[in-house]
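Working notes, beginning with the structure itself.
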Amino acid sequence: MASDTATTASCRLTGTPLEVVLDLGEQPLGNGFLSSADDFASEYFYSMRCGFATDSLLFQLIDQPDPGQMFHSNYAFQSSTSGFMSAHFKALSQTLAEEFLAVNADPLVVEIGSNDGVFLKHFASRGVRHVGVEPSDNVATIAEAQGVQVERRFFSADTAAVIRESNGPAHLIYAANALCHIPDIRGIVEGIDLLLAEDGVFVFEDPYLGDVVKLASYDQIYDEHVFLFSGMSVARIFTEAGLELIDLEHLPTHGGSMRYTLGRRGVRKAKPRVESTLASEREQGLHETVTFCELADRVARSASDLKRLLEHLAGQGHQIVSYGATSKSTTVYNYAKIGPELISEIYDSTPNKQGKFSPGVHIPVVPESDFVDSGARFAFLGAWNHEKEIRMKNEYFEARGGRWITHVPQVRLLGD
Ligand code: SAH
Ligand code: TMP
């Protein structure tokens with residue numbers, strides 16, 4: 001049943017409504033795992049449709065569930081569950097400190113969406129002044145237990161003013177996989193402008209629109225991901241606040257991300273790869289609606305290919321399971337209509353998801369540690385973005401004849 005508590009993301013620079021370029025149907029909350037079958041009947045669904053704003057060049061959800069429904073005291077995603085991502089944030093904390101903070105005697109670091117402290121704990125342990133902005137209480141508590149200072153609120157212009165008032169300006173503002181979650185992008189731009197020191201930098205990384213188009217990885221789209229950014233759209237939305245791109249770095253994380261570094265206009269020199277990345281985005285057509293209409297056709301094909309493969313394997317009597325109860329896979333299962341009749345269970349390392357049912361299609365989620373005892377011959381990589389880490393730690397699965405299934409960049413059995 002569709003609910004009427006969806007909000008409309010405020011991302012057009014001029015007010016005209018967006019046309020639908022990709023319709024992913026009725027979807028539940030990507031992280032809305034259900035504790036009991038009694039909750040199925042009242043589950044929240046909304047219409048997941050995407051539009052492309054020809055003025056801001058933002059690819060985005062047209063409607064988004066109210067953020068309070070997604071980020072709360074029981075938020076399911078915990079950053080430190082991935083060893084690779086933990087290492088990524090540790091290394092980055094070092095690089096950013098050397099590149100941007102070394103000249104300042106007492107710098108301030110602010111992180112938007114600090115989750116369980118996976119990034120900021122490396123500043124906390126070195127005695128660097130910092131503030132994590134995190135609205136989800138359960139993960140904020142984990143961060144605080146590691147010495148991280150947390151403001152338990154949504155980042156906005158008001159939050160930025162509060163932080164500046166008590167701490168002064170920030171020399172580094174960082175956000176990973178968080179900015180794309182925030183519908184009020186104008187409020188973010190205003191907040192960054194308010195909080196950033198004159199010579200400060202704003203660095204953020206998020207799943208990259210260019211990769212979604214290239215890989216047809218439509219599962220990067222779910223309720224929490226309101227926007228898929230590109231260098232071109234970021235340059236446009238921050239222009240008004242006098243911020244400009246000084247670096248663009250493509251990353252392999254989360255199935256293809258981009259790290260955007262912005263500074264105040266004229267303060268720092270842009271790296272040459274900013275220009276070259278923007279040029280390749282134009283070549284890829286990331287500024288044109290037609291690119292996303294073509295993407296929609298490839299997405300429909302991907303979903304039907306996946307369902308056909310699973311039905312074929314199930315028809316041969318094979319048990320199929322999934323690995324990684326990701327919010328991404330919520331989009332896949334609900335769009336392609338894949339439920340427990342095709343995937344018997346999902347293995348996942350996050351305690352908060354175990355023993356629950358996946359959103360919408362209600363596949364049981366079980367502890368990752370039980371995978372070793374699974375008799376299944378086929379496992380769908382719900383967490384395809386963590387393929388390397390998952391295959392490495394489960395080498396025995398392939399050694400005993402098990403096969404991984406992925407749908408990115410096309411539906412196939414790995415190793416074929
Ligand atoms: N940075 C971490 C967490 C990403 S998950 C990582 O990359 O692993 C996104 C986080 O952003 C969640 O912890 C969520 O609670 C938080 N969040 C959502 N909306 C926010 C907002 N408006 N301001 C700050 N954090 C927000
Ligand atoms: P993400 O794609 O949003 O990072 O979510 C990854 C999910 O996969 C998360 O629920 C944790 C789970 N996971 C495992 O169960 N085992 C693993 O080895 C990894 C890397 C992730």
Side-chain angles (χ1 to χ4, degrees), residues 30-31 33 64 66-89 92 110-120 131-140 142-143 150-160 163 173-185 187-188 191 204-207 217 219-220 222-226 251 253-255 257 259 322-330 346-354 356 358 365-371 379 381-394:
N31 264 320
F33 293 86
Q64 190 205 25
D66 181 61
Q69 290 209 122
M70 299 178 280
F71 311 114
H72 42 58
S73 57
N74 199 20
Y75 182 61
F77 179 75
Q78 201 184 310
S79 303
S80 303
T81 52
S82 164
F84 275 27
M85 287 311 292
S86 298
H88 168 85
F89 290 121
L92 180 67
V110 173
E111 185 183 5
I112 302 171
S114 48
N115 200 274
D116 62 2
V118 70
F119 173 75
L120 279 184
V131 181
V133 183
E134 178 49 67
S136 299
D137 279 333
N138 57 326
V139 287
I142 301 171
V150 184
E151 277 285 339
R152 293 177 183 230
R153 44 197 295 168
F154 289 94
F155 186 84
S156 63
D158 285 351
T159 303
I163 296 175
I173 305 178
Y174 177 67
N177 310 300
L179 221 64
C180 66
H181 290 66
I182 305 176
D184 182 15
I185 191 75
I188 295 298
F204 74 98
E205 57 194 72
D206 272 304
S217 44
D219 51 352
Q220 293 285 16
Y222 51 93
D223 52 353
E224 295 178 26
H225 286 183
V226 198
L251 307 169
T253 48
H254 285 299
S257 297
R259 181 177 296 145
S322 177
Y323 203 113
T326 55
S327 1
K328 284 186 267 303
S329 58
T330 297
I346 307 174
Y347 293 86
D348 195 281
S349 59
T350 318
N352 202 7
K353 297 181 183 176
Q354 296 161 0
K356 295 190 177 167
S358 76
V365 182
V366 296
E368 177 186 39
S369 51
D370 294 352
F371 186 65
L381 265 174
W384 59 270
N385 49 315
H386 298 288
E387 175 191 327
K388 209 163 141 200
E389 182 170 2
I390 291 173
R391 284 179 85 180
M392 254 169 67
K393 73 171 160 195
N394 296 293

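Index from 1, following the sequence. Just so you know, ligand 1 is whichever comes first in the structure, and atom 1 is the first atom listed for that ligand. All values reported here derive from a predicted model rather than from experimental measurement.
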shortest atom 18 (O) of ligand 2-to-protein heavy-atom contact is with K393 NZ, 2.5 Å
After noting the C-alpha distance and the side-chain angles of N31 and K353, does the key distance pass the side chain to side chain contact (heavy atoms under 4.5 Å, CB included) rule? CA-CA 9 Å; N31 264 320; K353 297 181 183 176; 3.9 Å; yes
d(T253 OG1, F84 CZ) to nearest 0.5 Å is 12.0 Å
- Query: Are the side chain of E368 and the backbone N or O of Y347 linked by a donor-acceptor pair below 3.5 Å?
  - Reply: no
For H254 and M85, run side chain to side chain contact (heavy atoms under 4.5 Å, CB included): C-alpha distance rounded to whole Å, both residues' side-chain angles, the deciding distance at 0.1 Å, then the answer.
CA-CA 9 Å; H254 285 299; M85 287 311 292; 3.8 Å; yes
For I390, the atoms of ligand 2 under 4.0 Å from one of its heavy atoms are 17 (C), 18 (O)
Atom 8 (O) of ligand 2 sits nearest the protein heavy atom D348 OD2, 3.5 Å
G324 heavy atoms within 4.0 Å reach ligand 2 at atoms 8 (O)
Under 4.0 Å from one or more heavy atoms of H254, ligand 2 contributes atoms 4 (O)
Set out, in order, the CA-CA distance, both residues' side-chain angles and the distance that settles side chain to side chain contact (heavy atoms under 4.5 Å, CB included) for I182 and I112, then state yes or no. CA-CA 10 Å; I182 305 176; I112 302 171; 4.0 Å; yes
Within the 4.0 Å heavy-atom cut-off, what T350 brings close to ligand 2 is side chain
Note to self: Polar contacts were defined as any N/O atom of the residue lying under 3.5 Å from an N/O atom of the ligand; does this apply to T81 and ligand 2?
What the structure shows: no
Closest to atom 17 (C) of ligand 2 (heavy atoms only, candidates E368, H386, E389) is E368
So, T159 side chain and F154 main chain: donor-acceptor pair closer than 3.5 Å or not? yes
Check against side chain to side chain contact (heavy atoms under 4.5 Å, CB included), N385 and K328: CA-CA 10 Å; N385 49 315; K328 284 186 267 303; 3.2 Å; yes
Ring pair (Phe, Tyr, Trp, His ring centres under 6.0 Å) filter on F89, not counting sequence neighbours, yields none
Near K353 (heavy-atom distance under 4.0 Å), the atoms of ligand 2 are 9 (C), 10 (O)
**Message:** Under 3.5 Å, is there a donor on one side chain and an acceptor on the other for D348 and T350?
**Reply:** yes
For atom 3 (O) of ligand 2, the closest protein heavy atom turns out to be F77 CE1, 3.5 Å
With respect to Y347, determine whether any N or O atom, backbone or side chain, lies less than 3.5 Å from an N or O atom of ligand 2. no
Review point. In terms of side-chain heavy atoms, does S327 have a donor or acceptor partner in T330 at a distance below 3.5 Å?
Key: no
Checking heavy-atom distances from atom 13 (N) of ligand 2 to each of S82, P207, S349, the winner is S349
Flag, side chain of E151 to backbone of V133, donor-acceptor distance under 3.5 Å: no
### Query
Is a donor on one side and an acceptor on the other found under 3.5 Å between the side chain of E389 and the backbone of G83?
yes
Honestly, for Y323 the part within reach of ligand 2 (heavy atoms, under 4.0 Å) is side chain
*Do E134 side-chain atoms and S136 backbone N/O form a donor-acceptor pair below 3.5 Å?*
yes
Note: M85, heavy atoms under 4.0 Å from ligand 2, region reported as neither
Within the heavy-atom cut-off of under 4.0 Å, ligand 1 is lined by F71, Y75, F77, S79, F89, E111, I112, G113, N115, V133, E134, P135, S136, F154, F155, A176, N177, A178, H181, I182
If we number the atoms of ligand 2 from 1 as shown, the ones under 4.0 Å from a heavy atom of T326 are 2 (O), 5 (O), 6 (C), 7 (C)
